[in-house]
Amino acid sequence: MMTILESIAFLKKQKWVDLTHEVTGDIPYFSSFKPLTEKTLFTVEEHGFLAKEYNLVTQYGTHIDAPCHFASGKRYLEELELKELVLPLFVFHKEAEVAEDNDYQLSVEDILAFEKKHGKIPEDSFVAFASDWSKRWEDHDDYYNRDENGQAHTPGWSLEALRFLHEERNVQAIGHETLDTDSAVECANNGGLIGELYWLSQNKFQVEVLTNLSEIPEVGAAIFLGVPKIKQAPGFNIRAFAIV
């Protein structure tokens, strides 16, 4: 049996992939919020130490949404268990489909096709939707992808797929590269983010604005989430990475 030191040494020999965008005041963000601001309070040259003050909304950059973000009475960020922050990672690679159709919705059929190839997705897993949307990150217009009428066109999870992942597979968490769970057109058609509301209402969490999912294989990885323990927070900016 491996000792804990041998296990850590083994993991360090594997491929590590950062799934997190760098945070600045110049990154894309949800339209109802404001960008990050920062202020230097003390400097090493003048005070002997460096300290800064940051002002940012809880859902900013690569971030985790606690269930209470959309569902009253559900868990806050500090109520997530530690074992939920390290999970087996399964990735639906739909980069080609999204390139053809920016409004693409990941479907139950996509999940079943994945399982036909790899076997049934085990419960208590993290499943991610790889769309290559993060490659648009540096160009805000390209990332928001609004047409001449102001309607955004971004991919998302279908409500049926989310129901299947919860009710039939008991998946623990989901993740994606976009700002929202739902495709932008479906959000407009339904008058809101019904997929996100459904998922968080199950007392489960999600991670939004992931990057580098294209580097992760469909199976064979684990995701690790560095999450602050802030009392009664509905979410927060995080450091997410995978070991393959």
Side-chain angles (χ1 to χ4, degrees), residues 29-33 57-92 94 103-112 114-115 120-131 133 152 154-210 223 225 227-238 240:
Y29 57 91
F30 187 67
S31 59
S32 296
F33 301 146
V57 69
T58 47
Q59 276 68 29
Y60 192 79
T62 303
H63 65 270
I64 187 170
D65 286 335
C68 68
H69 177 47
F70 263 54
S72 178
K74 302 301 182 181
R75 293 186 296 170
Y76 286 96
L77 193 60
E78 81 275 12
E79 295 178 295
L80 300 183
E81 296 182 15
L82 290 176
K83 290 183 179 180
E84 294 179 77
L85 307 181
V86 180
L87 297 170
L89 174 60
F90 298 87
V91 181
F92 302 124
K94 293 297 173 183
D103 299 316
Y104 189 85
Q105 292 187 83
L106 195 140
S107 66
V108 174
E109 289 72 23
D110 290 328
I111 299 170
L112 294 176
F114 178 95
E115 292 189 325
K120 184 178 178 180
I121 296 171
E123 64 179 18
D124 298 327
S125 298
F126 189 109
V127 295
F129 177 7
S131 61
W133 210 256
T154 58
W157 303 84
S158 70
L159 178 60
E160 293 76 19
L162 295 175
R163 287 188 182 279
F164 182 87
L165 290 171
H166 169 62
E167 296 174 7
E168 302 296 331
R169 297 295 180 264
N170 195 27
V171 162
Q172 184 63 53
I174 61 168
H176 39 270
E177 300 175 44
T178 49
L179 291 169
D180 294 315
T181 313
D182 306 67
S183 72
V185 168
E186 276 300 291
C187 178
N189 290 340
N190 295 317
L193 296 164
I194 62 170
E196 184 163 352
L197 172 60
Y198 170 78
W199 188 259
L200 297 179
S201 294
Q202 310 315 311
N203 222 8
K204 295 182 174 182
F205 68 89
Q206 66 174 7
V207 177
E208 298 190 299
V209 200
L210 289 164
I223 190 168
L225 306 175
V227 179
K229 194 174 182 179
I230 299 175
K231 188 174 178 63
Q232 295 194 330
F236 213 76
N237 179 265
I238 65 170

Closest approach of Ala152 and Val185, non-hydrogen atoms and distance? O-CG2, 4.0 Å
Between CD1 on residue Ile223 and CG on residue Leu210, distance to nearest 0.5 Å: 5.5 Å
Closest heavy-atom pair, Arg169 versus Ile121, reported as atoms and distance to 0.1 Å, is CD-O, 3.6 Å
Can you measure from CG (Asp110) to NZ (Lys94) and round to the nearest 0.5 angstrom? 4.0 Å
Using modelled atom types only, decide if a donor and an acceptor are shared between the side chain of Ser183 and the backbone of Tyr104 within a distance under 3.5 Å. no
Polar side-chain atom of Gln206 near backbone of Leu200 as donor-acceptor pair, under 3.5 Å: no
May I ask you to decide if the ring planes of Phe126 and Phe205 are parallel, tilted or perpendicular, using 30° and 60° as cut-offs? tilted
On a heavy-atom basis, the closest approach of Asn237 and Pro228 is O-CD, 3.9 Å
With sequence neighbours left out, write down each residue that passes salt bridge (Lys or Arg N to Asp or Glu O under 4.0 Å) with Asp180, or none if nothing qualifies. none
For residues 71-81, the side chain to side chain donor-acceptor pair (under 3.5 Å) pairs (sequence neighbours left out) are Arg75-Glu84
Quick one, Leu159 and Asn190 - any side-chain contact, counting heavy atoms below 4.5 Å? no
Partners meeting side chain to side chain donor-acceptor pair (under 3.5 Å) with Thr178 (sequence neighbours left out): none
Could you tell me which non-hydrogen atom of Ala233 sits nearest to which non-hydrogen atom of Cys68, and how far apart they are? O-SG, 4.0 Å
CZ on Phe164 to CD on Glu109, rounded to 0.5 Å: 10.0 Å
Measuring from atom CH2 of Trp157 to atom CD1 of Ile111, what distance do you get when rounded to the nearest 0.5 angstrom? 7.0 Å
What closest approach, in Å, do Pro88 and Asp124 show between heavy atoms, and which atom pair accounts for it? CD-O, 3.9 Å
Expected output: side-chain Glu177 to main-chain Trp133 donor-acceptor under 3.5 Å: yes
Side-chain contact, heavy-atom cut-off 4.5 Å: Thr181 with Leu193? no
Atom OG of Ser125 and atom NZ of Lys120: how far apart are they, to the nearest 0.5 Å? 11.0 Å
Could you tell me whether the side chain of Asp182 and the main chain of Gly195 form a donor-acceptor pair under 3.5 Å? yes
Do other residues, nucleotides or ligands put more than 12 heavy atoms under 6.0 Å from the CG atom of Leu82? no
Distance check, rounded to the nearest 0.5 Å: Glu115 atom CD versus Phe90 atom CZ? 9.5 Å
Under 3.5 Å, is there a donor on one side chain and an acceptor on the other for Gln59 and Glu208? no
Do His63 and Val209 touch side chain to side chain, with heavy atoms closer than 4.5 Å? yes
